[in-house]
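Okay, structure first, notes after.
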Amino acid sequence: MAIQTITWMSAFLCLAQVFSMPMPCQLQGQLVRTTHNLLRDMGGHFPLECLQENVFMAFPATSFATSGAPQLSSGAAKAIYETLKNIDTLFGTDELPTMWDQPKLEYFQNIIYRQIEESECMSSVDTSDYPIRAEGLKTYFGNIAAVLKEKNFSYCAWEVVRKELLYTLEFILKHTSDSLLWSNRT
């Protein structure tokens, strides 16, 4: 009886220790991948009728640069977090394209919001190189927002935005995946 009680108490203490450990302040890689896939699938290929409106926007790859050092990795993670916040801001308008798959668009918005909420601790991550990273992101997302406004939130303007964001999310997944939390890498 005493051994059984000690065994149960040991198991309970082990579980209490495991479940009371703090969660790491990291974005979930699988959710970033899901976000990319939803954005890709909600609208299909870039429409031919929008080719005239397609514009070049310089992508701020240096904002996501990592070299394996923990501080640089946390800087890239914060840049990813800020990217998701910028995406949320872009999609916060009431003038979203109706030609996109609406359930996928809504799910996309929900996952973006969820990632921001669950990783709010990222906003307080202090990295010395972040102001340089932030400036690149601010310019990039400012240009994206300007295209939307300049083209009156037209369907083609949104397709340009979708193309840019797909590239951004793909870049994050390919080049900064070490800054993300992966539950089970496949």
Side-chain angles (χ1 to χ4, degrees), residues 21-46 54-92 100 104-148 158-186:
M21 294 181 74
M23 292 298 294
C25 184
Q26 283 186 294
L27 292 157
Q28 295 182 42
Q30 190 59 42
L31 288 179
V32 175
R33 181 181 290 144
T34 300
T35 303
H36 171 271
N37 293 345
L38 284 166
L39 188 61
R40 179 194 64 208
D41 297 342
M42 76 174 68
H45 297 293
F46 192 82
N54 195 7
V55 293
F56 171 77
M57 289 183 231
F59 178 72
T62 55
S63 293
F64 301 98
T66 62
S67 68
Q71 186 178 9
L72 291 176
S73 184
S74 64
K78 187 168 181 176
I80 296 167
Y81 172 76
E82 291 298 327
T83 296
L84 294 174
K85 284 177 53 179
N86 279 296
I87 291 171
D88 186 54
T89 300
L90 289 171
F91 281 82
W100 288 351
K104 287 182 182 174
L105 175 58
E106 190 174 309
Y107 189 39
F108 169 82
Q109 289 175 293
N110 288 337
I111 291 177
I112 291 288
Y113 179 78
R114 175 182 166 194
Q115 290 178 92
I116 293 167
E117 286 298 305
E118 289 179 358
S119 304
E120 199 167 338
C121 56
M122 288 299 233
S123 61
S124 63
V125 171
D126 186 31
T127 60
S128 59
D129 67 338
Y130 190 71
I132 297 166
R133 294 172 188 266
E135 191 58 38
L137 290 173
K138 181 180 177 184
T139 300
Y140 181 65
F141 282 100
N143 290 341
I144 290 174
V147 166
L148 274 174
W158 275 109
E159 283 295 331
V160 170
V161 169
R162 191 171 72 91
K163 174 195 64 109
E164 287 297 319
L165 296 181
L166 277 170
Y167 181 81
T168 301
L169 293 169
E170 193 171 310
F171 183 90
I172 289 169
L173 288 168
K174 284 184 179 177
H175 300 283
T176 64
S177 65
D178 289 344
S179 298
L180 302 170
L181 179 65
W182 296 92
S183 59
N184 195 3
R185 286 297 283 258
T186 55

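Here, residue 1 is the first one in the sequence, and each next residue gets the next number. This one's a predicted model, so the numbers in the text were calculated from it and none came from an experiment.
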*Are any of the side-chain heavy atoms of E135 and T139 separated by less than 4.5 Å?*
yes

*Under the criterion side-chain contact (heavy atoms from CB on, under 4.5 Å), which of V161, T168, I112 is the partner of I87?*
I112

*Would you check if L38 and T34 make a side-chain contact, meaning some heavy-atom pair closer than 4.5 Å?*
yes

*List in chain and number order the residues that pass side-chain contact (heavy atoms from CB on, under 4.5 Å) with S63, two or more places apart in sequence or in another chain; answer none if no residue qualifies.*
P60, R133, L137

*Can you tell if the side chain of Q28 reaches within under 4.5 Å of the side chain of Q115, non-hydrogen atoms only?*
no

*Do F141 and T89 come close enough that some side-chain heavy atom pair is under 4.5 Å?*
no

*Using a cut-off of 6.0 Å, state whether more than 12 heavy atoms not belonging to F46 lie near its atom CZ.*
yes

_Non-neighbouring partners of N143 that pass side chain to side chain donor-acceptor pair (under 3.5 Å), sequence neighbours left out_ = none

*Checking R40 side chain against L166 main chain: does a donor-acceptor pair fall under 3.5 Å?*
no

*So, R114 and E117, do they make that salt bridge, N to O below 4.0 Å?*
no

*Can you tell me how far the CD atom of E164 sits from the CG atom of L169, to the nearest 0.5 Å?*
11.5 Å

*How many angstroms lie between CG in L165 and CD in E170, if you round to the nearest 0.5 Å?*
12.5 Å

*side-chain contact (heavy atoms from CB on, under 4.5 Å) with A61: which residues, sequence neighbours excluded?*
F59, F171

*Distance from I116 atom CD1 to D88 atom CG, nearest 0.5 Å?*
4.0 Å

*Checking salt bridge (charged side-chain N to carboxylate O under 4.0 Å, His left out) for the pair E159/R162: CA distance, chi angles, key distance, verdict?*
CA-CA 5 Å; E159 283 295 331; R162 191 171 72 91; 3.0 Å; yes

*asked:* To the nearest 0.5 Å, what is the distance between NZ on K174 and NE2 on H36?
replied: 8.0 Å

_Note, M42 side chain near F108 side chain (heavy atom, < 4.5 Å)_ = yes

*Compare every heavy atom of I172 with every heavy atom of T176, then report the nearest pair and how far apart it is.*
OG1-O, 2.8 Å

*asked:* Is the shortest side-chain heavy-atom distance between Y140 and T83 below 4.5 Å?
replied: no

_Between OH on residue Y107 and CG on residue D41, distance to nearest 0.5 Å_ = 12.5 Å

_Nearest-0.5 Å distance that lies between atom OH in Y113 and atom CD1 in I111_ = 14.5 Å

